Amino acid sequence: MNEKAKNTWKNILDYVEDKINFQSFNTWFSSSQGVELKDDVLLVEFPNGFFIDWIEEHYYNILEEAVKELNGNSLRLAFKALKQQGDRPKKKKKRIILSHHATKLQERYAFENFVVGKNNEFAHAAALAVAEAPGEAYNPLFMYGGVGLGKTHLLQAIGNFVHRQYKKLNVLYTQAENIMTELIEAIQKNQQMEYKKKYRTKDILLIDDIQFLYGKERLQEEVFHTFNYLYSQGKQIVITSDRPPKEILTLAERLISRFQGGLVVDLQAPDLETRIAILQKKAESDNVKIPSNVAYYIASRVKSNIRELEGCLIRLLALSSLSGQEVTEQLAEEVLKDLFGPGCKVTRNVILKKVIEEFGFSEVELKGRKRTQKLALARQTSMYLIRIILNLSLAEIGEFFGGKDHSTVIHAVEKITNLKKTDIEYFQKLERIINRING
Ligand code: ADP
Ligand code: MG
């Protein structure tokens, strides 16, 4: 064993341990080991591929931060699975991460790994058409849908496809949030030219989560000019958002109306069969088989968010391989309980549903931006209940309600806490909802 590798990784872990909760750290990192340090690449070993998946998905940023903090930019991490799942011949799996800074495309977001169902077939077809003929099929392509429904996956799949197929084309994937940070920095440092150049020299510009620009008019203006320029040069633009263009941005609206040949597609929540297919595909790509009753069990309980669906599976498989237990419905039940809080059946969606039954709005309205008095009260009530019953973080709750700021959630919790003390009618209403949630 290479002492230097061991120590380097240990230092990174110390850093990470400070930043994430103890249980997560224990589950995911305690069995890892730095095994080799060569040419600025630190090779780290994990028990199996699920760990690596999970860590890439959840701890990418923090690892990146740790590496930067402790080792400057010189170090890169490579992950290796100690053993493969299933009984296929063992071949060592090795993946390099933290090495694709230029585009931040993640290889696993590929068309091959994307399960097509009724909910997303149109978006998938449009994305594929764009990837095959950038700048020629639909331009700009605007994809929207709720959290965890595959927007980023499809967007990056376009990038990965083009990257592979047309090596000469210059692809840039970025989150709208980054554009803002960069623009502000450019203005401060008086480097607007560099900023312009960065965006205007791309053949394909992939912008994720453009709803972030909501209310930021100056930034929208800048982005619009960039789009205009790229479009006039026949370059491809693809945008994602968590809601339809007309609900969010003057920019988006202008974009769609301005550019002929643009296309707007949406992603819906997958139906049961598609959810089962996604679970099976995911398991397959990790060389495991999950019993179909277990896939059914999970898929019938986790309905609206594919990220959560995947999260359940990864955790289930990790738990099974750590404890040596078979993958059964029972084990799945434990995992679900763990992920969604007490009582297992109470989830964010259950709470939302009960509030809707009492107040009579739709889910879309509750997660939307409209703020009539009654609607705002229903929304705040849901936020409050999710916070006190499930103890989710403010950010998570904000995200669940269509990307609202955490201060909005704080405000909701405070408001309801006061209201139930002063308004007896409201108090009774709240009691009714809680009783229904408890079944
Ligand atoms: P969004 O950007 O819409 O919030 P993501 O694209 O990040 O959602 O998707 C969440 C997770 O679910 C990702 O890990 C992604 O790979 C997976 N996923 C989403 N849709 C599909 C699909 N149709 N087939 C396979 N995996 C999917
Ligand atoms: Mg996304």
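Along the sequence shown, the residues carry numbers beginning at 1. Just follow the structure's listing: the first ligand is 1, and inside any ligand the first atom is 1. Everything quoted here is computed from the prediction, not taken from an experiment.
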Engineer: Would you say CZ of Phe361 has more than 12 non-hydrogen atoms from neighbouring residues, nucleotides or ligands within 6.0 angstrom?
Structural biologist: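 Check passes, neighbour count above 12.
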Engineer: Does some non-hydrogen atom of Gly117 fall short of 4.0 Å from ligand 1?
Structural biologist: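 No.
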Engineer: Among all protein heavy atoms, pick the one closest to atom 15 (C) of ligand 1 and tell me residue, atom and distance.
Structural biologist: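 Going by distance alone, atom 15 (C) of ligand 1 is nearest to His153 ND1, 3.3 Å.
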Engineer: Would you check if the distance from the ring center of Phe25 to the ring center of Phe29 is below 6.0 Å?
Structural biologist: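 That pair passes the under 6.0 Å test.
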Engineer: Looking only at distance, does Val115 have an N or O less than 3.5 Å from an N or O of ligand 1?
Structural biologist: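 Yes - when backbone and side-chain N and O of Val115 are compared with those of ligand 1, one distance drops under 3.5 Å.
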Engineer: Less than 3.5 Å apart, any donor N or O on the side chain of Asp271 or Thr274 sitting next to an acceptor on the other?
Structural biologist: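 The criterion, which ignores hydrogens and geometry beyond distance, is satisfied for Thr274 and Asp271.
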Engineer: If you measure from the Lys or Arg side-chain nitrogens to the Asp or Glu carboxylate oxygens, is any gap between Lys354 and Glu358 under 4.0 Å?
Structural biologist: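 No, this pair does not count.
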Engineer: Under 4.5 Å between any side-chain heavy atoms of Ile239 and Leu205, yes or no?
Structural biologist: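 They are not in contact (no side-chain heavy atoms under 4.5 Å apart), so the answer is no.
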Engineer: Give the residue, atom name and distance (to 0.1 Å) of the protein heavy atom nearest atom 4 (O) of ligand 1.
Structural biologist: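 It is Gly148 N, 2.7 Å.
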Engineer: Numbering the atoms of ligand 1 from 1, which are under 4.0 Å from a heavy atom of Gly146?
Structural biologist: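 Selected atoms, number and element: 3 (O).
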Engineer: For Asn120, take its heavy atoms, then give the atoms of ligand 1 lying under 4.0 Å from any of them.
Structural biologist: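 Reading through ligand 1 atom by atom, the close ones are 23 (N).
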Engineer: Measure the distances from the heavy atoms of Gly145 to every atom of ligand 1 and state whether one is below 4.0 angstrom.
Structural biologist: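 False for this residue.
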Engineer: For ligand 1, is there an N or O atom under 3.5 Å from any N or O atom of Val116?
Structural biologist: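 Not met; the criterion fails.
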Engineer: Which protein non-hydrogen atom lies closest to atom 21 (C) of ligand 1, naming both residue and atom, and how far is it?
Structural biologist: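 Checked against all protein heavy atoms, atom 21 (C) of ligand 1 sits closest to Phe114 CE1, 3.7 Å.
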Engineer: Distance check below 2.8 Å: does Thr152 bring an N, O or S atom to the Mg ion (ligand 2)?
Structural biologist: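 Here the distance criterion (N, O or S atom, under 2.8 Å) is met by Thr152, so yes.
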Engineer: Show the atoms of ligand 1 that are less than 4.0 angstrom away from any heavy atom in Lys151.
Structural biologist: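 Those of ligand 1 that fall under 4.0 Å from Lys151 are 1 (P), 2 (O), 3 (O), 4 (O), 6 (O), 8 (O).
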Engineer: Who's the nearest protein heavy-atom neighbour of atom 18 (N) of ligand 1, and how far?
Structural biologist: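 Answer, as residue, atom name and distance: Ile306 CG2, 3.3 Å.
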Engineer: Cationic tip of Lys216 within the cone over Phe212's six-membered ring, i.e. under 6.0 Å and within 45° of the normal?
Structural biologist: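 Yes.
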Engineer: Between Glu363 and Lys367 (salt bridge meaning N to carboxylate O under 4.0 Å), is one present in this structure?
Structural biologist: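 Salt bridge: yes.
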Engineer: With a 4.0 Å cut-off, would you call Lys68 and Glu64 a salt bridge?
Structural biologist: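 Glu64 and Lys68: not salt-bridged.
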Engineer: Just to confirm my output: which protein heavy-atom neighbour is closest to atom 8 (O) of ligand 1, and how far is it?
Structural biologist: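 It is Gly150 N, 3.1 Å.
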Engineer: Taking only Lys NZ, Arg NE, NH1 and NH2, and the carboxylate oxygens of Asp or Glu, determine whether Lys198 and Glu182 approach each other closer than 4.0 Å.
Structural biologist: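 Salt bridge flag = yes for Glu182 with Lys198.
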Engineer: Within 45° of the axis and under 6.0 Å from the centre of the six-membered ring of Tyr144, does NZ or CZ of Arg243 qualify?
Structural biologist: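 Relative to the ring axis of Tyr144, which defines the angle, Arg243 lies outside at least one limit.
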Engineer: When you measure from atom 25 (C) of ligand 1 to every protein heavy atom, which one gives the shortest distance, and what is it?
Structural biologist: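 Protein heavy atom at minimum distance: Asn113 O, 3.2 Å.
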Engineer: Would you indicate which of Glu121, Glu308, Glu112, Arg307 comes nearest to atom 5 (P) of ligand 1 when only heavy atoms are counted?
Structural biologist: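 Ranked by closest heavy atom to atom 5 (P) of ligand 1, first place is Arg307.
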Engineer: Please work out whether any backbone atom (N, CA, C, O) or any side-chain heavy atom from C-beta onward of Glu310 is under 4.0 Å from ligand 1, and answer side chain, backbone, both or neither.
Structural biologist: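 Only the side chain of Glu310 comes within reach of ligand 1.
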Engineer: Counting both backbone and side chain atoms, is some N or O of Ile278 under 3.5 Å from an N or O of ligand 1?
Structural biologist: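 By distance alone, the answer is no.
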Engineer: Could you check if a side-chain atom of Gln156 sits within less than 4.5 angstrom of a side-chain atom of Thr152, using non-hydrogen atoms only?
Structural biologist: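 They are in side-chain contact.
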